[in-house]
A.B. asks: 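This structure is in structure tokens; I'll ask about it shortly.
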Amino acid sequence: MLKQRGLLIVLSGPSGVGKGTVRSAIFEDTNCDYVYSVSATTRERRPGELEGVDYFFMSRESFEDLIAQEALLEYAEYVGNYYGTPLASIEENLAQGRDVFLEIEVQGARKVREKIPEGIFIFLAPPSLNELESRLTDRGTDSKEVIARRMNKAKEEIELMRHYDYVVVNDEISEAVDEINAIIKSEHLRVERVMHSIQADINAYFEEEAKQS
Ligand code: 5GP
């Protein structure tokens, strides 16, 4: 079978919903062969985060240079910091048949949808707003004021869910991971993605038959 072009998978949803945790769980699986798109950010590095693995951490000046060079597929300013998806390597990976996985906030996801409408957009939703608030508090990385801002933002962000292809509720992490993998697997089986290689096989068969007769 001919190798299919890779899929651009965008996982988004409100902050604190567990996008990062679900994404880590997806990539911890040794069978996972998606390429994670490491974002650039101007926010402070949190304990345990690694440069070039979790993010490319940089100054506002360096980030603004990337914007000026049009080196970002999208970027957004979120709770006082810039976050953006470097363009480098995305197209190359897709062309080589590798699925590229983005985990970004909702404004960025909207921009990606405008530029790459054929991407697969998955919205991760919290089981409830109370649960979302507890998760933000338990994470212990944000002040009360930042949490209140993130909760207000979450309300607006959840309303954007209708612009996505799929919704996964993050109740049990392992279930969310299974659902996301199932979505990606099914997307690879869409007729328009498989049809070309099956058609090529049919053509090759009948060409061979014609030669032999
Ligand atoms: P955090 O500071 O908690 O790591 O991330 C804050 C938010 O920024 C999260 O919702 C995360 O998904 C989002 N984010 C991370 N990388 C990017 C990116 O490249 N672009 C956009 N638009 N958002 C991002």
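Fair warning: this is a prediction, and the values are worked out from it, not measured in the lab. What you see below is based on every heavy atom in this structure, not just the backbone, and it leaves out hydrogens, waters and symmetry mates. Both ligands and their constituent atoms are indexed starting at 1 by order of listing.
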A.B. asks: Looking only at N/O atoms, are Tyr75 and ligand 1 under 3.5 Å apart anywhere?
C.D. replies: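 No; the residue has no nitrogen or oxygen that sits under 3.5 Å from a nitrogen or oxygen of the ligand.
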
A.B. asks: Side chain, backbone, both or neither: which applies to Lys19 and ligand 1 if a contact is any heavy-atom pair less than 4.0 Å apart?
C.D. replies: side chain

A.B. asks: Report the nearest protein non-hydrogen atom to atom 5 (O) of ligand 1: residue, atom name, distance rounded to 0.1 Å.
C.D. replies: Tyr55 OH, 3.4 Å

A.B. asks: For Glu192, does the CD atom have more than 12 heavy-atom neighbours from other residues, nucleotides or ligands under 6.0 Å away?
C.D. replies: yes

A.B. asks: Could you tell me the residue and atom name of the protein heavy atom closest to atom 3 (O) of ligand 1, and the distance to it rounded to 0.1 Å?
C.D. replies: Arg46 NH2, 3.1 Å

A.B. asks: What atoms in ligand 1 come closer than 4.0 Å to a heavy atom of Gly108?
C.D. replies: 22 (N)

A.B. asks: Heavy atom under 4.0 Å from ligand 1: found in Lys111's side chain, backbone, both, or neither?
C.D. replies: neither

A.B. asks: Which atom pair, heavy atoms only, marks the closest approach of Leu73 to Lys115?
C.D. replies: O-NZ, 2.7 Å

A.B. asks: Do Thr41 and Arg43 have a side chain donor and acceptor closer than 3.5 Å?
C.D. replies: no

A.B. asks: Is the count of non-hydrogen atoms from other residues, nucleotides or ligands lying under 6.0 Å from Glu172 atom CD greater than 12?
C.D. replies: no

A.B. asks: Provide the number and element of each atom of ligand 1 under 4.0 Å from a heavy atom of Ala76.
C.D. replies: 22 (N)

A.B. asks: side-chain contact (heavy atoms from CB on, under 4.5 Å) with Pro126: which of Ile158, Asp171, Val169?
C.D. replies: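 Result for side-chain contact (heavy atoms from CB on, under 4.5 Å) with Pro126: Ile158.
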
A.B. asks: For ligand 1, which atoms, with element, lie under 4.0 Å from some heavy atom of Ser39?
C.D. replies: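 Under 4.0 Å from Ser39, ligand 1 has these atoms: 16 (N), 17 (C), 18 (C), 19 (O).
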
A.B. asks: Taking 4.0 angstrom as the limit and counting only heavy atoms of Gly84, give me the atoms of ligand 1 inside it, by number and element.
C.D. replies: 18 (C), 19 (O), 20 (N)

A.B. asks: Note the single closest protein heavy atom to atom 23 (N) of ligand 1, along with its residue, its atom name and the distance in Å.
C.D. replies: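 It is Glu105 N, 3.1 Å.
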
A.B. asks: Tell me which protein heavy atom sits closest to atom 11 (C) of ligand 1, plus the residue, atom name and distance to 0.1 Å.
C.D. replies: Glu103 OE2, 3.6 Å

A.B. asks: To which protein heavy atom is atom 20 (N) of ligand 1 closest, and what is the distance rounded to 0.1 Å?
C.D. replies: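 I find the closest protein heavy atom is Glu74 OE2, 2.7 Å.
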
A.B. asks: Is Arg43 close to ligand 1, meaning an N/O of one under 3.5 Å from an N/O of the other?
C.D. replies: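 Right, the criterion is met.
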
A.B. asks: Would you say the side chain of Pro86 lies within less than 4.5 Å of the side chain of Tyr75, judging by non-hydrogen atoms?
C.D. replies: no

A.B. asks: Should the heavy atoms of other residues, nucleotides or ligands under 6.0 Å from CZ of Arg190 be counted, would the total exceed 12?
C.D. replies: no

A.B. asks: How many angstroms lie between CZ in Phe101 and CD1 in Ile26, if you round to the nearest 0.5 Å?
C.D. replies: 4.0 Å

A.B. asks: Counting both backbone and side chain atoms, is some N or O of Ser15 under 3.5 Å from an N or O of ligand 1?
C.D. replies: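 Between Ser15 and ligand 1, no N or O pair is found under 3.5 Å apart.
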
A.B. asks: Over all heavy atoms of both residues, which pair between Ser12 and Glu105 is shortest? Give the atoms and the distance, please.
C.D. replies: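 Residues Ser12 and Glu105, closest heavy atoms: OG-C, 3.2 Å.
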
